[in-house]
K.L.:
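I have a structure here, written as structure tokens, and I will follow up with some questions on it.
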Amino acid sequence: MSDVRRVRHWRSVAEKRQIVQLTMEPGASVAEIARSYGLNANQLFKWRRAWDRGELMEGAGSLLPVTLSSPVEPATVAPEETVVVAEQQSSSPLIHIELPGRTIIRIERGADPEMVRLVLKSVSR
């Protein structure tokens, strides 16, 4: 009985993007492209879904530009577009994150860091 071990390859976002783009060519076969790169077709389909979510774009997962502004009242936003962490208290420092067309997040001093991490992770999808 032979002991065959699979070597796990780490691929950069740029390499994943390049492979996914090949699958989008007219007449391309995901199965054939996956085989040619030593991938399982299911993995390549997972990367395609990540591509559709914008996760394989240049700079995905990197920091976003930030602007500082004076405190103002937030614009009225429909409840399904709003995420609020902690209750607002006028005297407490506040972080206000607005993703236009998506969500507004307000984080006050003392907010649970794990809760903040989970909220930010959920809106980044």
Side-chain angles (χ1 to χ4, degrees):
M1 188 163 157
S2 67
D3 184 22
V4 178
R5 292 183 181 234
R6 291 190 139 200
V7 177
R8 189 172 208 146
H9 295 283
W10 182 87
R11 302 199 189 259
S12 68
V13 171
E15 188 175 7
K16 290 176 187 178
R17 186 174 50 245
Q18 177 188 11
I19 296 169
V20 167
Q21 287 173 334
L22 292 173
T23 69
M24 296 180 180
E25 302 271 329
S29 164
V30 172
E32 287 177 16
I33 293 168
R35 243 189 326 272
S36 71
Y37 283 89
L39 294 168
N40 181 300
N42 291 327
Q43 179 66 59
L44 192 42
F45 280 114
K46 182 178 176 181
W47 291 351
R48 285 173 53 123
R49 287 189 300 274
W51 170 277
D52 290 341
R53 290 188 304 265
E55 296 171 3
L56 295 182
M57 295 291 119
E58 193 67 43
S62 62
L63 298 176
L64 299 173
V66 173
T67 57
L68 300 177
S69 62
S70 62
V72 293
E73 284 300 311
T76 305
V77 179
E80 65 274 0
E81 297 176 2
T82 304
V83 177
V84 178
V85 177
E87 291 186 19
Q88 182 177 3
Q89 296 175 2
S90 59
S91 63
S92 119
L94 176 74
I95 297 173
H96 177 94
I97 302 169
E98 185 171 347
L99 303 172
R102 292 187 51 198
T103 192
I104 295 174
I105 303 168
R106 299 172 62 105
I107 305 169
E108 293 191 15
R109 180 189 321 202
D112 177 37
E114 183 62 17
M115 167 95 69
V116 172
R117 186 186 69 74
L118 291 172
V119 168
L120 292 175
K121 184 177 178 181
S122 72
V123 298
S124 68
R125 292 182 180 157

K.L.:
What heavy-atom pair brings Val30 and Ala41 nearest, and what distance separates the two atoms?
P.N.:
CG1-O, 4.3 Å
K.L.:
Just verifying a value: how many Å separate Asn40 CG and Arg35 CZ, rounded to the nearest 0.5 Å?
P.N.:
11.0 Å
K.L.:
At what distance, to the nearest 0.5 angstrom, does CD of Glu32 lie from CG of Leu22?
P.N.:
12.0 Å
K.L.:
Do Trp51 and Gln21 pass the side-chain contact (heavy atoms from CB on, under 4.5 Å) test, and can you show the C-alpha distance, the side-chain angles, and the key distance before you say yes or no?
P.N.:
CA-CA 9 Å; Trp51 170 277; Gln21 287 173 334; 3.3 Å; yes
K.L.:
Starting at CD1 of Ile19, measure out to CE of Met24 and round the result to the nearest 0.5 Å.
P.N.:
12.5 Å
K.L.:
Quick one: CH2 on Trp47 to CG on Leu39, what's the gap to the nearest 0.5 Å?
P.N.:
4.5 Å
K.L.:
State, to 0.1 Å, how close Arg11 and Lys16 come at their nearest heavy-atom pair, and which atoms those are.
P.N.:
O-CE, 3.4 Å
